[in-house]
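These notes concern the structure reproduced below.
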Amino acid sequence: MSSPYVLLLNWNGWADTLECLESLYRLDAPIPRIIICDNDSTDSSMERIKAWAEGRLNVLPAAGSLHRLRSFPPVTKPVSYVEYDRQAAEAGGTGREISELILIRTGANLGFAGGNNVGLRYVLARDDFDYVWLLNNDTVVNSDALSYMVERMHGKPDAGICGSTLLYYDHPEKVQALGGGYYCKWIGLPWHQGRLQRAELKRNRDRAERWMNYIVGASMLVSRKFLRDIGLMCEDYFLYFEETDWALRAEGKFSLVYAPESVVYHKVGASIGTSSLPNKKSLACDYYSARNRLLFTRRFFPEAIVTVWLCLFGAVLTRLLFGRIARAKMFAGLMIGVDIPPFLDGVGQPLGKSE
């Protein structure tokens with residue numbers, strides 16, 4: 001069996017990426033081949049990542065960090081790497097790949113699905129893998145996180161995607177998600193399994209797998225057969241709903257599984273201002289969550305569009321309550337089919353209806 005690939009997507013987050021890399025090079029399994037797709041960062045991310053690989057740069061966790069031992073002391077450098085542009089990467093690179101680290105410049109901010117898909121096309125073109133671990137760059141992992149996911153995939157032959165136990169980086173006593181969650185079509189929103197549960201409570205794998213209909217995108221181990229049969233992630237969304245779309249397209253063909261012992265610590269929304277509080281959501285978060293809620297519902301559950309529309313009307317009222325008049329107008333426009341993307345503070349290319 002070939003070693004899995006690990007795929008990280010970076011956008012102006014090189015410091016998070018380096019901390020994640022340091023934890024990945026402590027995995028107890030054979031060191032996987034790690035791909036970093038950079039979505040046209042403007043903070044010299046690729047230069048800094050190369051400097052790290054060459055041993056010229058270290059980002060050290062604070063002495064009191066809860067996760068210091070997961071990324072310190074720095075792993076031995078240099079780390080061999082190769083760099084590709086999008087065209088070369090999607091053709092599978094050049095010849096026999098011997099580098100530990102594959103750096104890919106996507107050439108534009110392609111969003112979550114688009115950026116990851118460049119890396120997935122690379123591995124599909126090479127066809128030398130059994131699994132790919134899509135992992136958020138704003139995470140650190142336990143040394144056995146990958147081994148437990150591979151073990152769970154082996155235990156269920158029809159498994160297509162495996163999720164991890166996601167704990168909050170700053171509050172590791174709290175659960176973000178136990179593998180995945182449940183998407184309710186009538187309100188157009190997901191609910192992560194185990195959300196805000198205490199981390200020390202027993203994790204019921206079988207219950208989680210029965211209940212969830214998507215895997216949280218921060219940590220997804222995907223099989224080669226799944227990628228071949230179902231295809232890549234849908235790029236229509238740019239941000240949010242990609243993993244739910246992926247899981248729904250595979251319904252009845254592949255199962256979703258969960259490895260409770262695979263523990264990943266997630267900083268949550270480090271690059272785009274994700275928040276559960278309406279008055280703290282970034283413009284990009286508000287726009288894409290509302291836009292894609294409607295897009296996803298129309299695509300898969302048109303019978304639920306009225307109830308989803310009513311829920312969004314409640315979001316309009318909430319934004320008005322917080323004095324966010326422009327946000328309320330944006331939501332109202334999306335509800336009546338007027339998709340005029342706002343200025344997104346550099347987060348992605350605005351997506352019009354035709355895209």
Stepwise side chain to side chain contact (heavy atoms under 4.5 Å, CB included) check, Arg291 with Phe238: CA-CA 10 Å; Arg291 172 192 182 273; Phe238 195 83; 5.8 Å; no

Show the nearest heavy-atom pair for residues [X] and [Y], with the distance to one decimal.
| X | Y | result |
| --- | --- | --- |
| Leu120 | Leu232 | CB-CD2, 3.6 Å |
| Ile215 | Gly179 | CG2-O, 3.5 Å |
| Thr297 | Val308 | OG1-CG2, 3.8 Å |
| Leu256 | Glu209 | O-CG, 4.0 Å |
| Ala145 | Val263 | CB-O, 3.8 Å |
| Trp52 | Glu22 | NE1-OE2, 2.9 Å |

Is atom [atom1] of [X] surrounded by more than 12 heavy atoms (other residues, nucleotides or ligands) closer than 6.0 Å?
| X | atom1 | result |
| --- | --- | --- |
| Glu251 | CD | no |
| Lys174 | NZ | no |
| Trp309 | CH2 | no |
| Lys185 | NZ | yes |
| Gln87 | CD | no |

Straight-line distance of [X] [atom1] to [Y] [atom2], nearest 0.5 Å:
| X | Y | atom1 | atom2 | answer |
| --- | --- | --- | --- | --- |
| Asn39 | Asn116 | CG | CG | 8.5 Å |
| Arg299 | Tyr237 | CZ | OH | 4.5 Å |
| Cys234 | Leu248 | SG | CG | 11.5 Å |
| Tyr214 | Phe241 | OH | CZ | 9.5 Å |
| Ile104 | Cys37 | CD1 | SG | 4.0 Å |

Would you call [X] and [Y] a side-chain contact if the rule is heavy atoms closer than 4.5 Å?
| X | Y | result |
| --- | --- | --- |
| Glu261 | Thr165 | no |
| Leu294 | Ile305 | yes |
| Leu189 | Cys311 | no |
| Met149 | Ser164 | yes |
| Pro260 | Leu178 | no |
| Ile161 | Glu243 | no |
| Tyr240 | Ser289 | yes |
| Leu221 | Phe226 | no |

Quick check: does any side chain N or O of [X] sit under 3.5 Å from a backbone N or O of [Y], one acting as donor and the other as acceptor?
| X | Y | result |
| --- | --- | --- |
| Arg228 | Leu124 | yes |
| Asp43 | Ser45 | yes |
| Arg126 | Gly92 | yes |
| Ser80 | Glu100 | yes |
| Asp158 | Lys253 | no |
| Thr307 | Trp186 | yes |
| Lys156 | His154 | no |
| Asn213 | Tyr183 | yes |
| Ser65 | Ala62 | no |

Plane angle bin for Phe300 and Phe296 - parallel if under 30°, tilted between 30 and 60°, otherwise perpendicular: tilted

Geometric class of the Tyr84/Tyr122 ring pair [parallel <30°, tilted 30-60°, perpendicular >60°]: tilted

Taking 4.0 angstrom as the limit, do [X] and [Y] come out as a salt bridge?
| X | Y | value |
| --- | --- | --- |
| Arg121 | Glu235 | yes |
| Asp245 | Arg249 | yes |
| Glu54 | Lys50 | no |

Sole candidate of Val316, Leu283, Thr318 that passes side chain to side chain contact (heavy atoms under 4.5 Å, CB included) when paired with Arg327: Leu283

Side chain to side chain contact (heavy atoms under 4.5 Å, CB included) partner of His67, chosen from Val141, Thr139, Val140: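 Of Val141, Thr139, Val140, side chain to side chain contact (heavy atoms under 4.5 Å, CB included) with His67 is met by Val140 alone.
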
[X]-[Y] co-clustered via ILVMFWY side chain contacts under 4.5 Å:
| X | Y | result |
| --- | --- | --- |
| Leu24 | Leu57 | yes |
| Phe331 | Ile325 | yes |
| Leu317 | Met330 | yes |
| Leu8 | Leu101 | yes |
| Val306 | Leu295 | yes |

Polar side chain donor-acceptor pair, Asn10 to Asp38, under 3.5 angstrom: yes

Side-chain H-bond candidate by donor/acceptor type, Ser143 with Asp28, under 3.5 Å: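 Absent: no donor and acceptor within the cut-off.
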
Worked check of side chain to side chain contact (heavy atoms under 4.5 Å, CB included) between Leu18 and Ile49: CA-CA 7 Å; Leu18 295 188; Ile49 292 168; 4.1 Å; yes

Arg324 to Phe322, cation-pi by 6.0 Å centre distance and 45° axis angle: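 Geometry flag: not set, cation outside 6.0 Å or 45°.
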
Pair Met153-Asp130, side chain to side chain contact (heavy atoms under 4.5 Å, CB included): steps then yes or no: CA-CA 11 Å; Met153 293 286 268; Asp130 293 306; over 6 Å; no

Full working for side-chain hydrogen bond (donor to acceptor under 3.5 Å, both in side chains) between Asn109 and Asp40: CA-CA 5 Å; Asn109 191 346; Asp40 200 28; over 6 Å; no

Identified side chain to side chain donor-acceptor pair (under 3.5 Å) counterpart of Arg224 within the set Asp128, Asp127, Asp229: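 For Arg224, the side chain to side chain donor-acceptor pair (under 3.5 Å) test succeeds with only one of Asp128, Asp127, Asp229, which is Asp127.
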
Full working for side chain to side chain contact (heavy atoms under 4.5 Å, CB included) between Leu60 and Phe72: CA-CA 7 Å; Leu60 304 180; Phe72 183 85; 4.0 Å; yes

Criterion side-chain hydrogen bond (donor to acceptor under 3.5 Å, both in side chains) on Arg70 and Tyr265, from CA distance to verdict: CA-CA 10 Å; Arg70 294 184 177 89; Tyr265 302 87; 2.9 Å; yes

